[in-house]
Every structure is written in structure tokens, then in C-alpha cells.
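Structure first, then comments.
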Number of protein chains: 2
Amino acid sequence: MAKTRTYHHFCPVARSLEVIGEKWSLLIVRDLLMGPQRFTDLARYLGKITPKWLTLRLRDLEAAGIVERESQPGRREVWYRLTARGQELRPVVEALAVWGLDHAIRPPLPGEPVHPERALQTMTIFRNRRNVRLQRPARWSVRFAGDGVYTLVYDGARWSYHAGEEAADLVVETTPEDWVNFLLAPAAERAARARSLVISGDETRLADFHRSFDARDASSSDALGSA
Amino acid sequence: MAKTRTYHHFCPVARSLEVIGEKWSLLIVRDLLMGPQRFTDLARYLGKITPKWLTLRLRDLEAAGIVERESQPGRREVWYRLTARGQELRPVVEALAVWGLDHAIRPPLPGEPVHPERALQTMTIFRNRRNVRLQRPARWSVRFAGDGVYTLVYDGARWSYHAGEEAADLVVETTPEDWVNFLLAPAAERAARARSLVISGDETRLADFHRSFDARDASSSDALGSA
DNA sequence: CTGAATCCGACACGATACTG
DNA sequence: CAGTATCGTGTCGGATTCAG
């Protein structure tokens with residue numbers, strides 16, 4: 001493992017950071033929390049990581065008992081999955097997501113790719129945390145042009161999402177970039193941003209959709225775009 | 001701020017790590033969560049950090065709105081304190097503490113200093129997480145030779161601690177090192193480790209004390225000393 | 001096309017000494 | 001007490017290459 005990243009503290013926080021504090025480590029865990037992935041899946045999610053470092057980090061995580069490597073005999077693919085110990089990092093990743101959402105998120109920079117899963121994931125964490133509610137359960141379908149279809153579900157209490165489309169009461173067609181720019185837009189610009197979306201559904205459902213963003217404003221005391 | 005530690009992801013986790021993912025940053029936050037500290041206090045807690053890096057990290061955290069610097073005119077001291085934004089990192093630090101306690105803690109290495117506050121803090125987090133209970137409330141005083149006195153409190157439901165001594169029903173005299181080695185000892189070695197402690201109290205309270213460690217064993221499914 | 005290994009340069013970090 | 005300054009080392013990014 002690392003040579004310099006040792007703190008020599010008797011402290012569980014310091015010990016954790018010695019294990020998963022290197023660059024990329026927690027982001028690999030973040031992506032594996034969505035399920036087992038192949039080397040190239042991870043490389044795609046992580047964007048600018050070099051294969052060398054992805055390899056090294058995966059070996060470190062394996063040595064730490066956080067990741068398991070699974071290569072089926074006969075198949076060339078290698079799948080990486082979290083062990084139980086790795087799964088238990090979920091609260092860490094979620095706490096970082098919450099803090100980032102409150103204090104560090106910003107619209108994607110030019111050239112910053114937006115992964116559909118991440119956009120939906122960010123939205124559900126945000127809405128659950130801010131207690132965004134609708135008057136009735138809802139199933140919204142989000143179609144990303146050539147980039148997959150997802151269903152956002154509000155069960156009357158909590159938000160969740162999953163891949164694929166199913167009987168939805170509202171359909172949005174957009175791109176990942178337009179979608180998150182719409183999500184993060186301040187109230188004053190939201191109507192303008194909404195024009196980049198194609199939204200279809202009956203009047204009641206459309207009203208629910210738009211009202212859910214007003215609810216966000218009411219409960220949001222932090223500036224979402226702040227540095 | 002950092003140049004290389006940018007991920008270019010649209011993701012709150014990645015954004016958080018860009019802000020507080022550098023070496024030392026979260027440990028500075030950890031120590032400031034105990035209250036405002038001076039430069040040298042932080043340097044002492046952090047151990048092997050160099051003044052150059054402590055300075056740089058504090059400037060970074062200040063620029064990110066996590067830490068405030070307060071220097072009184074006329075006085076040479078500089079106090080550092082967490083802003084509201086910094087306080088909100090507490091769940092992140094606690095999640096790391098929980099994971100570290102379950103999967104990465106180990107007895108202090110030779111030459112690894114044990115800060116009394118950290119020993120007590122670790123113990124209370126551990127006991128609250130593992131739901132260690134006593135049959136009645138308790139106040140245990142822990143006297144570290146020449147290193148301060150602390151009171152560990154069980155109110156019937158939760159564990160907490162604070163600095164200073166007050167009407168205790170049990171008193172332990174020890175050193176920080178002996179104390180944590182006792183805490184982390186496997187059941188088989190605990191009696192041996194207990195000999196390095198001087199424990200005084202009436203029979204009922206002594207029984208409570210020792211029984212609370214058996215309870216730990218029963219609920220502990222993870223090997224505490226595992227890598 | 002996947003899953004790497006290798007070389008090299010940039011910069012993040014460590015060790016030590018010194019200053020207002 | 002609260003930092004600077006200097007210099008050496010380790011971590012990481014970028015490009016290229018390679019075997020299955």
C-alpha cells in the first residue's frame with residue numbers, strides 16, 4: 001500500500017483514511033456500490049483515471065479486503081465487486097454525497113461528462129435529504145437521448161430510481177447535461193432551462209412535476225451553486 | 001487549492017473529495033470538531049505533520065469556507081474554528097470512524113502516541129455503535145498519569161465522555177496506551193491487560209465495568225484486530 | 001477490444017532548518 | 001506561537017506499448 005499516507009495516529013478516522021484515502025479509492029467504491037463492474041466500466045465512470053492507477057487502486061482495495069476480483073475461467077472478462085467490508089463504506093460515500101450536495105455541487109463544466117445514473121442518483125439523494133414531497137405517488141420516466149431510460153419513483157414518502165422504463169405517468173426527454181442543468185438551476189432560470197426538456201403527461205402530473213421544484217426552493221437554505 | 005486532485009465528474013462525492021480529500025484535511029476537521037484550536041494544538045494532535053503542510057491545509061480549508069481563522073489584536077495566538085459548513089462534515093468523520101472501528105483499528109504501534117481524548121472518543125463511539133449497555137447508569141473516572149482526567153458517562157442508554165472529574169462511582173488509573181490496549185484486547189488477554197490498570201469502586205460497580213466488556217464480545221462479529 | 005506494464009515529467013508531500 | 005524557506009522523495013498524470 002502507500003508509503004507516505006500513514007498517519008501514525010491511534011484513531012479510527014485516521015486508520016480509515018490510510019486505507020481508502022488515496023486518490024480515486026472512494027470513487028471506485030462509489031461506482032461499485034451500483035453493482036459489480038468490469039475494468040473498463042470503471043474506467044469509463046471514472047473518466048480521466050489512467051489504467052495504471054486504476055489497476056493499482058484495485059489491487060490496493062483487494063489487499064484491504066474491500067474489493068473482490070472475479071474472473072470466470074474461459075471468459076476474458078474480469079468483474080470487480082465489493083466485499084461485505086466494502087459495502088459497509090456506503091455510509092461514508094453517502095455522507096460525502098450529502099455534504100457535497102449541500103456545499104460543493106455545481107453545474108457540469110464544459111467537457112465534464114454527466115453519467116445518467118449519477119444524475120438520477122444525485123437527484124434522489126437530494127430529494128430525500130430535502131424532504132421533497134408530492135401529493136401523490138409518481139413514476140416519472142426520463143429518456144436520455146441514446147443514453148438509456150430511467151424511472152424515477154416517488155412512493156409517497158421516499159424517492160428512488162431504477163434503470164429501464166415502465167408504466168410512467170410522466171415522460172421527460174432530454175440529455176444528461178440538460179437534465180442536471182435544469183435540476184440545479186436557480187428558480188429564476190428554471191423556466192428557461194425547462195425549454196430544453198420535452199415533458200409529456202396529463203395536466204395534474206405536469207403540475208406535480210413543476211411544483212416539486214418549488215418545494216425544493218422553500219426547503220433549501222444553502223446556495224446550491226456556492227463554491 | 002489542489003491542481004491534480006480534480007476529478008471532472010458531475011458527482012457530489014467527487015466534489016466533496018476535491019475539497020477535503022487531500023492528505024490531513026479531514027483529520028484537521030476531526031480535531032476541530034472537538035472545539036477551536038490553536039496552530040500548535042493542531043500540530044500536536046496531528047503528530048507528524050510539518051508546519052508547512054498544516055499552514056497550507058488550513059489556508060485551503062479557509063478558502064473552502066470550512067475553517068475560520070481568528071486572531072485577536074494584541075495577542076499572538078491564532079485560533080482556528082469550524083464554520084457551519086465545517087461542522088456539517090461531522091457525519092463524514094463519524095462514518096469514517098465507524099468503518100475504521102469495524103475494519104481497520106489496531107492497537108497502537110510502538111511510538112504511536114495515544115491522545116487521551118481520542119481514546120475516550122473512540123471508546124464512546126464504539127460502545128454506542130455496538131449498543132453496549134449496563135444495568136444502571138454509571139460515571140467512570142479515567143485518570144491518565146500526568147495527562148488529564150476524564151469522565152465516561154452512561155446515562156442508561158448512551159455513552160458519552162467529557163474532560164474533568166466529577167462524582168464518579170468507579171475510578172481507573174492508567175496511561176493512554178495501557179487503556180486502549182486493554183480496550184482492544186481479545187477476551188482471552190483481557191484479564192492480563194487489566195493488571196496494568198488500577199480500578200477502584202465498590203463490588204457492584206466493578207462487576208458492571210468488567211461485564212460491559214463481555215457484552216462487547218457477544219455483539220462483536222468483526223475481528224477488531226483484523227487488517 | 002480488455003487488462004494491463006513501462007517510461008517520464010509535474011507536483012504533492014516529507015524532513016530539517018530558520019524567522020518575526 | 002505561528003509560521004517560512006529549502007531541498008529531497010513519493011504519488012500521480014500522460015503517453016506509449018503489449019499480450020490475450
Side-chain angles (χ1 to χ4, degrees), chain A residues 1-9 14 17-28 31-32 36-64 67-81 111-112, chain B residues 1-9 14 17-28 31-32 36-64 67-81 111-112:
Chain A
M1 192 83 77
K3 278 182 198 163
T4 69
R5 187 154 306 227
T6 56
Y7 292 108
H8 298 290
H9 293 187
L17 290 172
E18 286 177 1
V19 178
I20 43 77
E22 313 280 325
K23 189 166 181 183
W24 299 112
S25 298
L26 269 177
L27 296 185
I28 294 172
D31 292 336
L32 288 175
Q37 311 279 348
R38 292 174 304 176
F39 186 89
T40 41
D41 297 330
L42 291 170
R44 189 175 57 255
Y45 286 129
L46 294 167
K48 296 181 72 69
I49 194 172
T50 64
K52 165 187 167 179
W53 285 108
L54 181 51
T55 302
L56 193 57
R57 282 299 103 94
L58 285 169
R59 295 289 171 278
D60 288 346
L61 291 170
E62 217 183 328
V67 159
E68 275 173 351
R69 191 187 142 95
E70 185 183 3
S71 54
Q72 328 235 39
R75 297 191 62 81
R76 301 195 308 106
E77 304 167 344
V78 180
W79 289 84
Y80 295 92
R81 71 172 66 236
E112 208 173 83
Chain B
M1 192 81 76
K3 279 182 197 161
T4 67
R5 192 166 292 235
T6 57
Y7 293 109
H8 299 290
H9 293 186
L17 290 172
E18 287 177 1
V19 178
I20 42 76
E22 313 280 324
K23 188 165 182 185
W24 299 112
S25 297
L26 269 177
L27 296 185
I28 294 172
D31 291 337
L32 288 175
Q37 311 278 346
R38 293 174 302 178
F39 188 90
T40 39
D41 297 330
L42 291 171
R44 190 175 56 255
Y45 285 129
L46 294 167
K48 296 181 72 69
I49 195 172
T50 65
K52 166 185 167 179
W53 285 108
L54 181 51
T55 303
L56 192 58
R57 282 297 105 93
L58 285 168
R59 295 290 173 275
D60 288 346
L61 291 170
E62 218 183 327
V67 158
E68 276 174 350
R69 190 188 140 96
E70 186 184 0
S71 56
Q72 329 234 42
R75 298 192 58 82
R76 286 173 42 84
E77 303 169 345
V78 180
W79 288 84
Y80 292 93
R81 72 172 67 234
E112 207 172 82

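Because the structure is predicted, anything quoted here is derived from the model rather than measured. Throughout, a chain's letter reflects where its sequence line sits, starting with A, and its residues are numbered from 1.
Regarding contacts with the backbone of dC11(C), every side-chain N or O of Arg5(B) stays at 4.0 angstrom or more from both OP1 and OP2. Between Trp24(A) and dT11(D) there is no side-chain N or O to OP1 or OP2 distance below 4.0 Å. Here Arg69(A) reaches the OP1 or OP2 of dA4(C): one of its side-chain N or O atoms lies under 4.0 Å away. At the phosphate of dC1(C), neither OP1 nor OP2 sits under 4.0 Å from any side-chain N or O atom of Arg38(A). The phosphate of dC1(C) (OP1 or OP2) has no side-chain N or O of Thr40(A) nearer than 4.0 angstrom. Taking only side-chain nitrogens and oxygens, Tyr80(B) comes nearer than 4.0 Å to OP1 or OP2 of dG3(D).
Taking the ring-ring contact (aromatic ring centres under 6.0 Å, His included) definition, one finds that Tyr45(B) meets it with His115(B), sequence neighbours left out. Every residue two or more places apart in sequence or in another chain that forms a side-chain contact (heavy atoms from CB on, under 4.5 Å) with Pro36(A) is listed here: Trp79(A), Arg81(A).
Rounded to an integer number of Å, the gap from Leu54(A) CG to dG13(D) C1' is 14 Å. A straight line from CH2 of Trp53(B) to P of dC13(C) spans 5 Å, rounded to a whole angstrom. With rounding to whole Å, Leu42(A) atom CG is found 14 Å from dA4(C) atom C1'. Between the CG atom of Leu46(B) and the C1' atom of dG14(C) there is a distance of 15 Å, given to the nearest Å. Atom pair Arg44(A):CZ and dC1(C):P shows a separation of 13 Å (rounding to whole Å applied). Atom CG of Leu27(A) and atom C1' of dC12(D) are 15 Å apart (whole Å). The nearest whole Å value for the distance from the CH2 atom in Trp79(B) to the C1' atom in dA2(D) is 13 Å. Summarising the geometry, the separation between CG on Leu56(B) and C1' on dC11(C) is reported as 12 Å, rounded to the nearest angstrom.
In this structure, Ile49(A) and Asp41(B) both approach DNA chain D, and ranking their closest nucleotides by distance from the 5' end singles out Asp41(B).
A donor-acceptor contact shorter than 3.5 Å is absent between the side chain of Gln72(B) and the backbone of Glu77(B). Arg5(A) contributes no side-chain N or O that, together with a main-chain N or O of Leu17(A), makes up a donor-acceptor pair within less than 3.5 Å. For Ser25(A) (side chain) and Gly21(A) (main-chain N/O), no donor-acceptor pair under 3.5 Å exists by modelled atom type. Between the Arg69(A) side chain and the Glu62(A) main chain, no donor and acceptor come within less than 3.5 Å of each other.
Contacts of Thr50(B) with the nucleic acid, taken as non-hydrogen atoms under 4.0 Å apart, include base atoms.
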For nucleotides 17-20 of chain C, which of its nitrogen or oxygen atoms have a protein nitrogen or oxygen under 3.5 Å away, and what is each distance?
unit_1	atom_1	unit_2	atom_2	d
dG20(C)	N2	Arg76(B)	NH1	3.0
dG20(C)	N2	Arg76(B)	NH2	2.8

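Taking the six-membered ring where tryptophan is involved, the planes of His9(A) and Trp24(B) are tilted, since the angle between them lies from 30° to 60°.
When distances are taken from the side chain of Lys52(A) to each of dT6(C), dC13(C), dA2(D), the shortest belongs to dT6(C).
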